[in-house]
Structure formats: structure tokens, C-alpha cells
Amino acid sequence: MVLVLDEVDVIGQNDLLLYELSRAKDNDHIADDVDVSVIGISNDGNFLAELSPKVKDSFRERRVMFDAYDAGQLRSILERRVQKAFVDSVVDESAIALCAGYAANDQGSARQAIDYLYEAGEIALRQGDTRVTDEHAAEAEANVDRRSVMRSIEGLTLQDHLALVALVVLASHGETPARTRRVYATYQDVCGEIDTNDISLDRVRDHLKELDLLGVTQYTTRTAGSEGGRKYFWELNTDLGATIEVLDSIDRLDGVMYLLE
């Protein structure tokens, strides 16, 4: 039996499922003549390090890494899409290369590159232009990235927004990656500015982790020397300018955006 768990990191620290799967035969949950293998797929390179010791001890782990697409590979993908989606010769080769390059420098994602190309075509169509050019590609990148940030941020809870504002304040001052305690101190300042009650450091860290799952933030863990244990260091995973623009449009955050100055 082979179980494939896509985006396995979504389980977070609640990894009992993985433990039960790895011990299924020993615990007599399956027949003796059945073997279980688990394939976990994740973009989170820190996921395995976050598993509990008993889960890591139960698995004979074998990691397979897949590189992100490079610009040449993305360009080849886009050229095939152009043949099917556009009239012949209306998309400049340099515009295709720009869309591929933007995506390669960011996520290395074919989906992202295709989004840029699609948006570039839409911009050219709206403007009544007969060709898709570099200018359309550049505008497409800005539009797609801004929409992505808006979708990720607009529907968040108040505490998500406050934790994010704290991280944005630090990022705007060039102080990221920042330890959780540093983010928390700034978060308390933000709460004071809008006269709302703050929550505990652990809960703020949980909100930052939720933002990480949404792709808004990202973190690394490091051993804190003489202090012992792993410490979280946080930074934005979205464009700073676009994130500020979205946060500035949220009414309930009026009065804190000056902290970015």
C-alpha cells in the first residue's frame, strides 16, 4: 500500500497520523502481508525537522529533491503555450523570455510564468495593441503579484493582520529575518497604537506559522547558541511594497501604517 500525501506539511505539528501510518503493522491495524509506504510532497524544506522525535524514529526517511524550473525550461513551456493560445507572431520573443525570467527568479513555477503570459496578453488586448511586448510583460508581473498578495492578505483575521504588520514594520526598516521575540515586541507596539488587546507570544508565533502556510511569511530555524533550542527567524515571503499597499487599504489598520516610515 502506497499512500501519497500532497502538501503533507499542512498537518503542522499534529503529526500523529504519520506516526500511526508508520506503525500500522506493528499495532495490528493491517494484515501481516501488507506493507505501507508513505510519499509526502511538500515545498517546505523545514517540514521534516519539525516532526516529533518519535515520528522521525519510526520512518526510514529518503528525501528526493526536485529543482525549481530555470528560465530556459520555463521559456520552453511558455513557447508551447503561445503556439496554442495566441495568433502567430503576435508575442515578442523577448516578452516570453521576460515572463519566464520573472517566474524563474521568484518561485520557479510554470503556473506563475503562465499567469504572467496570460496577463500580458490581457493587457495588450485591453489597450488595443497588436503585439504583446516587454512593457506588457513587466506590467503583468506587477499586476499578478499584487493580486496574489491581496488574495493572501485581505481575508485574514485581525490577529493575523497585526502579526503581519509587525513583520512588515521590521522588514521596512531592514531588520528581518527577525526572531519571534523581536516580532512580538513590535506586535505589542502595533496593538498599542490601535488600542487592542495583545495575545501571548506563542499565539503570535502560531499566527505567523499560519501566514507561512499561506505563503505570506517564511521562517528558518537556528540553534540559539548558549540559549539552547531552536529559534524561529521570520521574514516576508511577499513583495514589501505590494504588502504595504494592501495593508494600507484595510480600514481597521488605520493609525499604524505610520510605523513604516
Side-chain angles (χ1 to χ4, degrees), residues 3-21 38-53 55-56 59 61 63-66 68-69 103 106-112 115 144-171 176-184 186-187 190 198-222 229-240 242-247 250 252-253:
L3 300 176
V4 183
L5 306 178
D6 195 11
E7 299 192 27
V8 65
D9 52 280
V10 171
I11 69 172
Q13 294 181 329
N14 186 20
D15 54 14
L16 178 62
L17 169 64
L18 297 181
Y19 179 76
E20 291 293 338
L21 289 173
V38 178
I39 298 174
I41 303 172
S42 174
N43 290 323
D44 183 357
N46 293 315
F47 172 68
L48 291 173
E50 296 296 315
L51 294 176
S52 63
V55 173
K56 287 189 281 190
F59 275 98
E61 170 199 327
R63 185 183 301 206
V64 179
M65 302 295 292
F66 295 92
Y69 287 116
D106 188 7
Q107 300 176 11
S109 160
R111 181 183 303 171
Q112 185 181 31
D115 284 345
V144 170
D145 289 353
R146 188 176 298 108
R147 280 201 301 270
S148 176
V149 173
M150 290 180 68
R151 284 195 300 268
S152 299
I153 294 175
E154 284 183 328
L156 297 175
T157 67
L158 174 61
Q159 291 297 337
D160 286 331
H161 280 148
L162 297 176
L164 179 57
V165 169
L167 191 58
V168 167
V169 169
L170 293 173
T176 55
R179 278 184 57 175
T180 307
R181 288 190 178 280
R182 182 73 183 90
V183 178
Y184 184 67
T186 307
Y187 158 84
V190 171
D198 56 33
I199 57 179
S200 69
L201 184 148
D202 287 344
R203 289 177 62 195
V204 169
R205 182 171 55 232
D206 289 342
H207 282 283
L208 290 169
K209 285 185 175 181
E210 290 171 7
L211 293 173
D212 172 75
L213 290 174
L214 293 172
V216 177
T217 67
Q218 61 183 3
Y219 68 89
T220 55
T221 57
R222 307 176 198 168
R230 289 198 311 272
K231 304 300 179 184
Y232 291 85
F233 287 79
W234 300 92
E235 60 187 318
L236 279 180
N237 195 35
T238 54
D239 178 75
L240 176 60
T243 305
I244 292 173
E245 183 178 332
V246 175
L247 290 173
I250 298 172
R252 64 187 179 188
L253 298 179

Point to revise | His161 vs Arg252, side-chain contact (heavy atoms from CB on, under 4.5 Å): CA-CA, chis, key distance, verdict | key: CA-CA 9 Å; His161 280 148; Arg252 64 187 179 188; 2.9 Å; yes

Exercise for review: Please step through side-chain contact (heavy atoms from CB on, under 4.5 Å) for the pair Leu213 and Asp9, ending with a clear verdict.
Suggested key: CA-CA 8 Å; Leu213 290 174; Asp9 52 280; 3.8 Å; yes

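- Between atom OG1 of residue Thr238 and atom CG of residue Leu240 there is a gap of 8.0 Å, rounded to the nearest 0.5 Å.
- Judged as a salt bridge (charged side-chain N to carboxylate O under 4.0 Å, His left out), the pairs with a partner in residues 147-158 (not counting sequence neighbours) are, in order, Glu119-Arg147.
- Legend: residues meeting side chain to side chain donor-acceptor pair (under 3.5 Å) with Ser52, ordered by chain and number and at least two apart, are Asp15.
- We find the OG1-CG distance between Thr180 and Asp202 to be 9.0 Å, quoted to the nearest 0.5 Å.
- Remark: of the listed residues Thr176, Asn237, Asp212, Asp212 is the sole one forming a side-chain contact (heavy atoms from CB on, under 4.5 Å) with Thr217.
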Check your understanding: Is there a side-chain contact (heavy atoms from CB on, under 4.5 Å) between Thr186 and Leu167 once you walk through the steps?
Key -> CA-CA 8 Å; Thr186 307; Leu167 191 58; over 6 Å; no

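- Note that CG of Leu164 is 12.5 Å distant from CD of Glu210, once rounded to the nearest 0.5 Å.
- Looking at every heavy atom in both residues, Ser152 comes nearest to Val216 through CB-CG2, 3.5 Å.
- More than 12 heavy atoms of other residues, nucleotides or ligands lie within 6.0 Å of CD in Glu20, so this atom counts as buried by the packing criterion.
- Between Leu236 and Ala171 the shortest heavy-atom distance is CD1-CB, 4.1 Å.
- The ring-ring contact (aromatic ring centres under 6.0 Å, His included) check on Tyr219 picks up Tyr232, Trp234, with sequence neighbours excluded.
- In this structure, CG on Leu201 lies 10.0 Å from OH on Tyr187, to the nearest 0.5 angstrom.
- Without hydrogens or angle criteria, Tyr69 side chain to Ala103 main chain gives no donor-acceptor distance under 3.5 Å.
- Here the CG atom belonging to Leu156 is positioned 7.5 Å from the CD1 atom belonging to Ile250, to the nearest 0.5 angstrom.
- Taken to the nearest 0.5 Å, the CG atom of Leu170 stands 13.5 Å off from the CZ atom of Arg179.
- When side chains are defined from C-beta on, Leu18 counts as touching Leu5, because their heavy atoms get closer than 4.5 Å.
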